[in-house]
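Shown next, in structure tokens, is the structure this report addresses.
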There are 2 protein chains.
Amino acid sequence: MPKALKTHPTRAAQQALERLEALCLERGQRLTRQRRAVLCQLLAEGRALSAYELLERLRPEDGRSTPAGVYRALESLMQAGVVHRLESTRAFILCEHPEAPHTGQLLICRGCGQVVEAEDARVSAATGRLGERLGFSLDQRVVELTGLCGRCRAPHAAHAQ
Amino acid sequence: MPKALKTHPTRAAQQALERLEALCLERGQRLTRQRRAVLCQLLAEGRALSAYELLERLRPEDGRSTPAGVYRALESLMQAGVVHRLESTRAFILCEHPEAPHTGQLLICRGCGQVVEAEDARVSAATGRLGERLGFSLDQRVVELTGLCGRCRAPHAAHAQ
DNA sequence: GCGGCAACTGATACATTGTATCATTTGTTG
DNA sequence: CAACAAATGATACAATGTATCAGTTGCCGC
Ligand SMILES: [Zn+2]
Ligand SMILES: [Zn+2]
Ligand SMILES: [Zn+2]
Ligand SMILES: [Zn+2]
């Protein structure tokens with residue numbers, strides 16, 4: 001009788017979690033204890049985490065977590081389209097727009113670690129056409145733009161969190 | 001008296017090597033034995049290699065090569081703009097257009113491993129504008145498009161090389 | 001050429017990230 | 001409940017990348 005792991009999410013987070021869980025099921029992924037736990041942690045953290053950072057956070061609640069387990073859970077969640085992997089930082093983050101599966105762009109701030117997910121039509125069109133022009137049929141598009149976000153670039157602004 | 005490593009490049013490769021070496025020097029990188037050796041191997045191989053594949057190939061000629069040494073050489077060559085790192089495969093490849101430092105796009109074939117480097121104005125413009133729109137000042141743009149190249153997609157074509 | 005200094009190297013150890021394997025457990029289906 | 005596929009637990013290992021520090025090398029001005 002494996003009950004859900006104890007977490008204390010806010011009401012909104014709870015709803016977000018349910019929405020993500022529904023999407024996983026719709027897309028043919030079983031939603032198991034480990035997968036739910038990974039989802040919870042990513043939601044609670046609100047930023048990108050490495051697989052081993054996830055593991056650290058899961059261990060206290062489930063001493064049986066292992067690297068392989070975490071990677072397997074992440075694999076399933078990426079399959080379901082609710083998690084993305086950041087290739088340039090080797091981290092994982094919740095999808096911000098999981099309703100429709102998509103090929104997005106990720107903007108990563110060096111300063112605060114913030115990741116913003118975009119779905120820019122011009123970028124998508126341009127990369128698609130580039131593939132065509134060079135005779136490639138693309139099945140994965142990694143677009144990761146790194147720099148400083150507005151807040152981190154502001155000259156002497158108080159660090160408003 | 002560390003003489004240059006023994007390699008037997010073609011005449012054309014030799015010229016390419018000299019051109020790359022000149023660029024490294026122009027851009028303020030010392031061109032040492034290890035760096036030259038890494039450059040040679042990448043040129044000889046003509047495809048992307050992981051740091052440890054490079055190490056395997058360097059060891060026979062220079063038993064003192066170490067992972068740290070290879071990574072340091074690669075770091076310098078990337079600084080000089082003559083080598084790129086493929087984030088999505090964790091490999092390194094010679095730049096095809098090293099004359100002008102650039103933010104290019106890489107197309108990677110799953111079938112044959114071929115990497116094609118592009119400098120598409122529309123993609124560059126679109127990613128640049130996306131960054132601006134979201135208030136980011138970008139300093140790195142990773143655009144890696146993976147799929148099947150024309151040859152690998154050809155239905156029953158003979159494997160013409 | 002020669003001293004002095006910064007950059008680079010060699011050596012070693014270690015840190016991080018990701019997989020393989022296989023016996024066991026769990027969930028679903030009939 | 002039986003049977004089967006999927007997922008897990010446990011363990012070990014593979015692949016990728018860094019830290020440290022003593023010693024060496026290349027460069028620059030004399
Ligand atoms: Zn997304
Ligand atoms: Zn920021
Ligand atoms: Zn290039
Ligand atoms: Zn191909």
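A note on names: the letters A, B, ... follow the listed sequences, proteins ahead of strands, and every chain is numbered from 1.
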Mind checking B:Ser76 for me? I need base, sugar-phosphate or nothing, with any heavy atom below 4.0 Å counting as a touch. nothing

Rounded to whole Å, CG of A:Asp62 lies from P of D:dA7 at a distance of 17 Å

If each of B:Ala73 and A:Thr89 is mapped to the nucleotide of DNA chain C with the nearest heavy atom, which maps nearer the 5' terminus, i.e. the 5' end? B:Ala73

One should read off an interatomic distance between B:Arg59 CZ and B:Leu54 CG, to the nearest 0.5 angstrom, of 12.5 Å

So that I can tick it off, tell me whether B:Arg129 and A:Asp120 are bridged by a salt bridge, with the cut-off set at under 4.0 angstrom between side-chain N and carboxylate O. no

Measure from CD on B:Glu56 to P on D:dT16 and round the result to the nearest Å. 10 Å

Which heavy atom of B:Glu119 sits nearest to which heavy atom of B:Gly104, and what is that distance? OE1-CA, 3.3 Å

From D:dG9, D:dG17, C:dC8, nucleotide with atom closest to A:Arg64 side chain: D:dG9

Any side-chain donor-acceptor pair under 3.5 Å between A:Ser88 and A:Glu144? yes

I'd like to know if B:Arg33 reaches the base of D:dG26 with its side chain such that a donor and an acceptor end up less than 3.5 angstrom apart. no

Let me know the distance between CZ of B:Arg35 and P of D:dT25, rounded to the nearest Å. 15 Å

Using the six-membered base ring of C:dT16, report whether A:Tyr52 stacks on it, requiring centroids under 5.5 Å and planes under 30° apart. no

Starting at atom CD of A:Glu87, determine the distance to atom P of D:dG17, rounded to an integer number of angstrom. 12 Å

Identify which one of A:Gln105, A:His84, A:His97 satisfies the side chain to side chain donor-acceptor pair (under 3.5 Å) criterion when paired with A:Glu117. A:His84

Give one of base, sugar-phosphate or nothing for B:Ser50, where a contact means two heavy atoms less than 4.0 Å apart. sugar-phosphate

Is there a donor on the side chain of B:Arg90 or the base of C:dG18 sitting less than 3.5 Å from an acceptor on the other? no

Whole-Å distance, B:Arg30 CZ to D:dT24 P, equals 17 Å

From C-beta outward on A:Arg72, which listed nucleotide comes closest to its side chain: D:dG9, C:dA20, C:dT9? D:dG9

D:dG26 P sits how many Å from B:Gln29 CD, rounded? 16 Å

For D:dT25 and B:Thr32 - does any side-chain N or O of the residue sit under 4.0 Å from the phosphate oxygens OP1/OP2? no

Protein-nucleotide distance (A:Tyr71, atom OH; D:dA14, atom P), rounded to Å: 17 Å

Taking CG from A:Leu55 and P from C:dT16, how many angstroms apart are they, rounded to a whole number? 13 Å

